[in-house]
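Single-structure report; data block below.
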Amino acid sequence: MGREFDAHLQYLSVAAYLDSEGLPELARFFSGQASEEHLHAMKFWRYVLDAGGVPAIPALASPKSGFESVEEAVQLSLDQEKAVTRHIDNLVELSMQRGDHATHQFLTWFVTEQVEEVSTMSELLHVVRRAGEPNLLLVEDYVARKVAAGEGPQA
Ligand SMILES: [Fe+2]
Ligand SMILES: [Fe+2]
């Protein structure tokens, strides 16, 4: 749950940077992504309650800000998605070791979601690299098309 809240804050920070750089479509994409991460954290929060526990909100680290380039911000986002995937995989392992079928079942949604998230972020990084910093307006078009096609963040 803490990792999802961390992702929420990190994406807000990335969105702020992109907005300040005059890239409104990318900024909108990342703030939508931030909202999704909040929903993910809330899924854990709800699940712990439903399972009879009391979710403890962990201390959250300040997200990184002050990026040097869009590529750096997107690379950080991809690295973060990969890290979240590892944490989800560890939770899946733990649920299997403990024979906790309910939690295992609950986590299945996150396993699928992470495949999607890592793929979206790697594709975006690829497009940003391909375009290069002087052509970021082409990336804006790409993101606008993805969002219009319903492939952006759903939140
Ligand atoms: Fe997430
Ligand atoms: Fe994510």
Side-chain angles (χ1 to χ4, degrees), residues 1-21 23-51 53-67 69-96 100 102-130 136 139-140 142-155:
M1 180 176 68
R3 302 291 173 175
E4 299 286 2
F5 279 129
D6 280 337
H8 168 70
L9 294 178
Q10 187 59 68
Y11 284 147
L12 277 186
S13 176
V14 169
Y17 163 71
L18 294 165
D19 195 86
S20 75
E21 288 290 306
L23 298 164
E25 295 294 341
L26 276 160
R28 213 186 333 268
F29 174 84
F30 274 93
S31 76
Q33 201 65 44
S35 304
E36 271 200 3
E37 302 300 356
H38 184 259
L39 287 175
H40 297 169
M42 294 308 291
K43 271 183 195 274
F44 278 105
W45 184 85
R46 186 72 251 171
Y47 178 72
V48 172
L49 282 174
D50 288 348
V54 180
I57 314 290
L60 302 175
S62 294
K64 188 179 166 12
S65 60
F67 300 97
S69 65
V70 171
E71 180 176 341
E72 186 197 349
V74 176
Q75 178 73 63
L76 178 91
S77 303
L78 174 59
D79 293 346
Q80 174 178 266
E81 289 299 342
K82 288 181 176 172
V84 169
T85 299
R86 284 195 297 277
H87 290 298
I88 298 285
D89 285 347
N90 289 341
L91 287 178
V92 170
E93 263 324 298
L94 202 59
S95 70
M96 281 160 66
D100 182 347
T103 301
H104 186 261
Q105 179 72 27
F106 165 76
L107 290 167
T108 308
W109 183 90
F110 286 89
V111 172
T112 312
E113 175 68 11
Q114 281 313 116
V115 174
E116 190 60 41
E117 299 260 89
V118 169
S119 151
T120 302
M121 220 43 93
S122 344
E123 189 179 302
L124 181 59
L125 180 60
H126 207 155
V127 171
V128 166
R129 283 196 181 139
R130 167 73 67 186
L136 286 172
V139 181
E140 285 278 279
Y142 160 83
V143 170
R145 272 201 311 278
K146 290 275 276 192
V147 171
E151 291 171 32
Q154 301 304 307

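The figures here come from the full heavy-atom set of this structure, side chains too, leaving out hydrogens, waters and symmetry mates. When a ligand or atom number is given, it counts from 1 through the structure's own listing order.
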Fill in the blank from the handout: One should read off an interatomic distance between Glu21 CD and Ser69 OG, to the nearest 0.5 angstrom, of 9.5 Å
Practice task
Answer with yes or no after comparing the ring centroid distance for His38 and Trp45 against a 6.0 Å cut-off, counting only values under it.
Solution key: no
Exercise for the section: Would you please indicate yes or no on a ring centroid separation below 6.0 angstrom for Phe30 and Tyr17? Expected result: no
Practice task
Tell me which N, O or S atom of Glu37 sits nearest to the Fe ion (ligand 1).
Solution key: OE1
Practice task
Side-chain contact test, heavy atoms from C-beta onward, threshold under 4.5 Å: evaluate it for Tyr11 versus Gln80 and give yes or no.
Solution key: yes
Problem - N/O/S atom of Glu113 inside 2.8 Å of the Fe ion (ligand 2), strictly under - result: no
Problem - Backbone or side-chain N/O/S of Glu117 under 2.8 Å of the Fe ion (ligand 2) - result: yes
Completion exercise
Checking distances from the Fe ion (ligand 2), one finds that the N, O or S atom of Glu81 closest to it is OE2
Practice task
Salt-bridge test for Lys43 and Glu113: reply yes if a basic N is under 4.0 Å from a carboxylate O, no otherwise.
Solution key: no
Exercise for the section: Angle at the Fe ion (ligand 1): provide the value between ND1 of His40 and OE1 of Glu4, rounding to 10 degrees. Expected result: 110°
